[in-house]
Visitor: 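Once you've had a glance at the structure underneath, I'll fire off some questions.
Residue numbers start from 1 in every chain, and the chains themselves are labelled A, B, ... in the order their sequence lines are given, proteins ahead of strands.
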Amino acid sequence: MKLYNTLTRKLTELQPLDGKTVRMYSCGPTVYDHAHIGNLSAYVFADTLRRAIQVAGNFDVQHAMNYTDVDDKTIRRSREEFPSDTPHEALQKLTGKYIQIFNDDMRRIGNDVGALQFVRATDPKVIWGMQDLISRLHKKGFAYIADDGVYFSIDAYRKAGKTYGQLLELNAQNTSEARIQNDEYDKESAHDFALWKTQKDGEPAWDFTLDGHSLKGRPGWHIECSVMSRQLLGQPFDIHTGGVDLIFPHHENEIAQSTALETDPMMAHIFAHNDHILVDGKKMSKSAKNFYTLDDIVAKGYDPLTFRIKVLQSHYRSQVNFTWESLDAAQNLLTGLRAWADLKHQKAAHQRGGELAAAYKTALSNMLDALRNDLNTAEALRWLAQLADTEQVDPEKIQSLLNILDRLFGLVLADRPDITHEQKDLIASREAARQAKDWPLSDKLRDQLAGQGISLRDTQNGPIWSRLG
RNA sequence: GGCGCCGUGGCGGAGUGGUUACGCAGAGGUCUGCAAAACCUUGUACGCCGGUUCAAUUCCGGCCGGUGCCUCCA
């Protein structure tokens, strides 16, 4: 299986570093608000990548994701929403609430939450791990204490013969004016970043003593992922995922922290980044009024899995243009796939013999090839759409095929229930009326079924039902 | 200013140096009690200008447009 590696800007063959299990870390949400569809698309990518590695790549996967549950935004919102609580309690309440909402969103868009190991940045073990790493970095001269916290010294890192700029080369020419002129912090160098921030008024804080200084405060953003990934997966691990916005500085800084004290310069073998969603061709922003959450999509009557299809219909490394019209297309495709899956319940649609079974085999093999090719989900979905564009299914083979498709795409096609006996009786009665050429009764029964969300079409083998919408 | 990515038919969106992507929507037809589905047919697609080539949407250069990163945003 090949995957584009931001580190090398090349397609890289995926081989588990330990020979059997692909260890994967996905930068998770900052849990201070509802995730927007851009956030969610990143998690559809991570989820689909894991599925592809397991099913198409045939490797075991250990997949970890963090919740960033302490930072400026979570703290600010927690004080707004829970002003009468202590800072720690308020933070707990806020982040607990949004973790719940996030997990619900994940499930609704078909991401397998159960396949993920989650960890919170404020987990005591993580806090301890961060303090330990900061202490060791400080001891070796990679960190220094300033007025408002502890900073990582990029200069020291470079002097140790290490490369800062593995993902994005930084130099005087491409450093923004704002950054150079930013002397708000007591930093030795413009690119140095905070490992630890000392407490400000009303902020939750953890005790921390470093080199005799009492530095009660909270962790910086980047150190969280360095410690969590290592605690859960070890180092180096195989794949680090995230949105393109995280390439710099977040992932660059993670690499620096994680490798400063190591002889191995590698934090993760492959960094895989998904590009952003555009809405009507524009960057999504609240001020442009093109900013959506999953609830907005559901409120317009779309199935959440429609969004998943929409994301999978394009390549993860290209900008997806989200439009309501394209979501309509995705919804219709989803309805079609479900109607196809429902054919397994209907004798009128069954076709035995090797023809369909062979087609299943070919289509599946094409899908797996597409996914092995840098996760070309658009290509894979094309084969799926073609496969499902039929009135017939092989009753012997369809279920196992649906099971595999669900493992691959998460579109929940495999366990769709049959219609009720009452509905089947209605269909039979209507067919009898139709045979008797009693068109008024026949149409009345058809309308009755339509009222229950069941539409019928008459074929040479008898009526076939499908669910509306 | 620096470093990138992208520009494909009504919409979305793959891909390729010379042959139909695909999905959705549209038009005409066959079929049908009606309907739906199915099937058949159909729409001068590759931002603009040059260059390389027997041949470019596909490679190269320029231009125009979109978009991203360059301090905490997926």
Side-chain angles (χ1 to χ4, degrees), chain A residues 6 9 26-30 35-46 68 71-73 165 167-180 182 184-185 187 190-194 197 220-222 224 241-250 252-253 273-278 281-285 309-310 312-315 317-337 339 370 376-386 388-392 434 437-440 442-443 446-447 450 455-460 463-466:
Chain A
T6 308
R9 298 190 179 177
S26 297
C27 277
T30 301
H36 61 251
I37 57 174
N39 300 129
L40 295 175
S41 76
Y43 305 123
V44 169
F45 160 59
T68 297
D71 79 325
D72 291 343
K73 294 189 296 294
L167 290 165
L168 176 75
E169 185 64 41
L170 276 184
N171 53 46
Q173 281 72 45
N174 71 5
T175 297
S176 67
E177 289 295 309
R179 182 155 195 160
I180 289 170
N182 186 344
E184 179 182 345
Y185 300 114
K187 293 192 281 192
H191 287 106
D192 289 353
F193 54 90
K197 298 181 174 188
W221 179 37
H222 315 299
E224 300 174 6
T241 79
V244 288
D245 57 300
L246 297 183
I247 294 171
F248 191 89
H250 187 50
E252 192 68 52
N253 291 349
H273 296 104
N274 60 280
D275 211 326
H276 285 184
I277 278 187
L278 302 179
K282 301 280 175 212
K283 184 182 176 175
M284 191 164 53
S285 72
I309 294 221
K310 171 62 194 159
L312 295 181
Q313 272 181 321
S314 60
H315 191 94
R317 282 197 289 121
S318 58
Q319 291 172 327
V320 188
N321 191 16
F322 180 93
T323 61
W324 292 108
E325 197 177 354
S326 70
L327 204 60
D328 283 339
Q331 176 87 297
N332 288 338
L333 175 58
L334 179 62
T335 303
L337 292 174
N376 192 338
T377 52
E379 175 82 7
L381 228 52
R382 161 199 162 184
W383 291 111
L384 177 59
Q386 282 185 304
D389 184 21
T390 169
E391 289 283 270
Q392 256 102 41
R434 208 170 75 88
K437 300 198 189 297
D438 183 349
W439 311 127
S442 166
D443 289 351
R446 186 167 63 190
D447 288 345
S455 79
L456 290 179
R457 53 180 186 273
D458 297 314
T459 73
Q460 291 185 327
I464 286 182
W465 57 262
S466 56

Visitor: Does A:Asn332 have any side-chain hydrogen bond (donor to acceptor under 3.5 Å, both in side chains) partners at least two apart in sequence or in another chain, and if so, which?
Guide: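 A:Asn332: no side-chain hydrogen bond (donor to acceptor under 3.5 Å, both in side chains) contacts found.
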Visitor: Report which part of the nucleic acid A:Gly242 touches: base, sugar-phosphate, or nothing (heavy-atom distance under 4.0 Å, all strands).
Guide: sugar-phosphate
Visitor: Counting side-chain heavy atoms from CB outward, which of B:G33, B:G68, B:G13 is closest to A:Ala378?
Guide: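 Side chain of A:Ala378 sits closest to B:G13.
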Visitor: Determine whether the aromatic ring of A:His276 stacks with the base of B:A74, defined as ring centroids separated by less than 5.5 Å and ring planes inclined by less than 30°.
Guide: yes
Visitor: What interatomic distance, in whole Å, is found between C1' of B:G47 and the corresponding atom of B:U57?
Guide: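 The answer is 11 Å between these two C1' atoms.
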Visitor: Which residues pass the ring pair (Phe, Tyr, Trp, His ring centres under 6.0 Å) test with A:Trp221, not counting sequence neighbours?
Guide: A:His250
Visitor: In whole Å, what separates the C1' atom of B:A74 from that of B:U67?
Guide: 15 Å
Visitor: In whole Å, I'd like the distance from the NE2 atom of A:His315 to the P atom of B:U67.
Guide: 22 Å
Visitor: On a plain distance test, is the side chain of A:Lys197 in donor-acceptor contact with the base of B:C72 below 3.5 Å?
Guide: yes
Visitor: Can you sort out the partners of A:Asp275 under side chain to side chain contact (heavy atoms under 4.5 Å, CB included), two or more places apart, ordered by chain and number?
Guide: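 A:Asp275 satisfies side chain to side chain contact (heavy atoms under 4.5 Å, CB included) with A:Val244, A:Gln319 once adjacent residues are dropped.
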Visitor: Pick the nucleotide of RNA chain B nearest each of A:Asp458 and A:Leu381; which residue has the one closer to the 5' end?
Guide: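 Nearest-nucleotide comparison on RNA chain B picks A:Leu381.
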Visitor: Whole angstrom is fine here: how far is it from CG in A:Asn321 over to P in B:G10?
Guide: 15 Å
Visitor: Would you indicate what A:Ile277 reaches in the nucleic acid, counting non-hydrogen atoms under 4.0 angstrom: base, sugar-phosphate, or nothing?
Guide: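 Result for A:Ile277 = base.
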Visitor: Nearest-Å distance, CG (A:Asp245) to C1' (B:G68)?
Guide: 9 Å
Visitor: Run the side chain to side chain contact (heavy atoms under 4.5 Å, CB included) test against A:Ala329 and tell me which residues pass, sequence neighbours left out.
Guide: none
Visitor: When we call it a touch if two heavy atoms are under 4.0 Å apart, what does A:Leu246 touch: a base, just sugar-phosphate, or nothing?
Guide: sugar-phosphate
Visitor: By nearest heavy atom, map A:Met284 and A:Leu278 onto RNA chain B; which one lands nearer the 5' end?
Guide: A:Leu278
Visitor: Between B:C40 and B:C31, how far apart are the two C1' atoms, rounded to whole Å?
Guide: 11 Å
Visitor: So does A:Arg457 reach the base of B:A35 with its side chain, donor to acceptor, closer than 3.5 Å?
Guide: no
Visitor: Report which part of the nucleic acid A:Ser41 touches: base, sugar-phosphate, or nothing (heavy-atom distance under 4.0 Å, all strands).
Guide: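 Counting heavy atoms under 4.0 Å across all strands, the contact made by A:Ser41 includes a base.
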Visitor: Looking at A:Asn321 and A:Gly281, what are the two nearest heavy atoms and their distance?
Guide: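 Answer, listing the atom of A:Asn321 first, then A:Gly281: OD1-N, 2.7 Å.
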Visitor: Give the rounded distance in Å between these two atoms: CG of A:Leu167 and C1' of B:G68.
Guide: 15 Å
Visitor: Under 3.5 Å between N/O atoms: give me all the protein pairs with nucleotides 23-27 of chain B, atom names plus distance.
Guide:
| residue | atom | partner | partner atom | Å |
| --- | --- | --- | --- | --- |
| B:C24 | O3' | A:Asn332 | ND2 | 3.1 |

Visitor: Please determine which of A:Thr241, A:Leu246, A:Thr68 meets the side chain to side chain contact (heavy atoms under 4.5 Å, CB included) test together with A:Cys27.
Guide: A:Leu246
Visitor: Rounded to the nearest angstrom, tell me the gap between atom OH in A:Tyr43 and atom C1' in B:C73.
Guide: 11 Å
Visitor: Quick one: is B:U67 close enough that its OP1 or OP2 comes under 4.0 Å of any side-chain N or O from A:Lys282?
Guide: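 Yes, within the criterion.
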Visitor: Would you confirm whether A:Thr335, through its side chain, and A:Gln331, through its main-chain N or O, come within 3.5 Å as a donor-acceptor pair?
Guide: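 Present.
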Visitor: Between A:Tyr43 and A:Pro29, is any pair of side-chain heavy atoms under 4.5 Å apart?
Guide: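 Sidechains of A:Pro29 and A:Tyr43: in contact.
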Visitor: Applying side-chain hydrogen bond (donor to acceptor under 3.5 Å, both in side chains), name anything that partners A:Ser326, two or more places apart in sequence or on another chain.
Guide: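 A:Ser326 satisfies side-chain hydrogen bond (donor to acceptor under 3.5 Å, both in side chains) with A:Lys310, A:Thr323 only.
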Visitor: I'd like a list of close polar pairs between nucleotides 29-32 of chain B and the protein, N/O only, cut-off under 3.5 Å.
Guide:
none

Visitor: With sequence neighbours left out, what residues match A:Trp324 under ring pair (Phe, Tyr, Trp, His ring centres under 6.0 Å)?
Guide: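 If we apply the ring pair (Phe, Tyr, Trp, His ring centres under 6.0 Å) test to A:Trp324, skipping adjacent residues, the hits are A:Tyr292, A:Tyr302, A:Phe322.
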Visitor: Write down the distance between CG (A:Asp443) and P (B:C34), rounded to a whole number of angstrom.
Guide: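 In whole Å, B:C34 P lies 11 Å from A:Asp443 CG.
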Visitor: Does any pair with a residue in residues 376-385 of chain A pass side chain to side chain donor-acceptor pair (under 3.5 Å), and if so which ones, sequence neighbours excluded?
Guide: A:Glu379-A:Arg382, A:Glu379-A:Trp383
Visitor: Please give the distance between the P atoms of B:C59 and B:U16 as a whole number of Å.
Guide: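 Going atom to atom, P in each nucleotide, I get 9 Å.
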Visitor: For B:G18 versus B:U58, give the span between their P atoms, rounded off to a whole number of Å.
Guide: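 Here B:G18 and B:U58 have their P atoms 11 Å from each other.
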Visitor: Just the rounded figure in Å: distance from P of B:G12 to CG of A:Asp275.
Guide: 16 Å
Visitor: Could you measure between the two P atoms, the one in B:U8 and the one in B:U42, and give it in whole Å?
Guide: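 About 25 Å, rounded to a whole number of Å.
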Visitor: Rounding to the closest angstrom, what is the interatomic distance between B:A56 and B:C49 at atom C1'?
Guide: 15 Å
Visitor: So, is A:Asn376 near the phosphate of B:A14, with a side-chain N or O under 4.0 Å from OP1 or OP2?
Guide: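 Result: no.
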Visitor: Counting the atoms with a prime plus P, OP1 and OP2 as sugar-phosphate, which does A:His36 contact under 4.0 Å by heavy atoms, base, sugar-phosphate, or nothing?
Guide: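 Answer is base: heavy atoms of A:His36 come under 4.0 Å of a base.
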Visitor: Start with the C-alpha gap between A:Trp439 and A:Arg434, add the side-chain angles, then the distance that decides, and say whether side chain to side chain contact (heavy atoms under 4.5 Å, CB included) holds.
Guide: CA-CA 6 Å; A:Trp439 311 127; A:Arg434 208 170 75 88; 3.5 Å; yes
Visitor: Who passes side-chain hydrogen bond (donor to acceptor under 3.5 Å, both in side chains) against A:Asn39, sequence neighbours left out?
Guide: A:His36
Visitor: Pull out every stem in RNA chain B, meaning runs of 3 or more consecutive Watson-Crick or G-U wobble pairs with both distances under 3.5 Å.
Guide: B:1-7 with B:64-70, B:10-12 with B:22-24, B:26-30 with B:38-42, B:47-51 with B:59-63
Visitor: Ignoring the backbone of A:Thr323, work out which of B:C34, B:G12, B:G68 is nearest its side chain.
Guide: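 For the A:Thr323 side chain, the nearest candidate turns out to be B:G12.
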Visitor: Do A:Arg317 and B:C5 have a side chain to base donor-acceptor pair shorter than 3.5 Å?
Guide: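 Under the 3.5 Å cut-off, the side chain and the base do not form any donor-acceptor pair.
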Visitor: List the atom of A:Gln313, the atom of A:Ala378, and the distance in Å for their closest heavy-atom pair.
Guide: O-CB, 3.2 Å
Visitor: At 4.0 Å (heavy atoms only), tell me whether A:Ser318 reaches a base, stays on the sugar-phosphate, or touches nothing.
Guide: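 Sugar-phosphate contact only.
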Visitor: How far does the C1' atom of B:G33 sit from the matching atom of B:G13, given to the nearest Å?
Guide: 41 Å
Visitor: Which residues pass the side-chain hydrogen bond (donor to acceptor under 3.5 Å, both in side chains) test with A:Asp71, sequence neighbours left out?
Guide: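 Testing A:Asp71 for side-chain hydrogen bond (donor to acceptor under 3.5 Å, both in side chains), a comparison that skips the adjacent residues, returns A:Lys73, A:Thr74.
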Visitor: Could you tell me how far apart A:Gln319 (CD) and B:A74 (P) are, to the nearest whole angstrom?
Guide: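 In whole Å, B:A74 P and A:Gln319 CD are 17 Å from each other.
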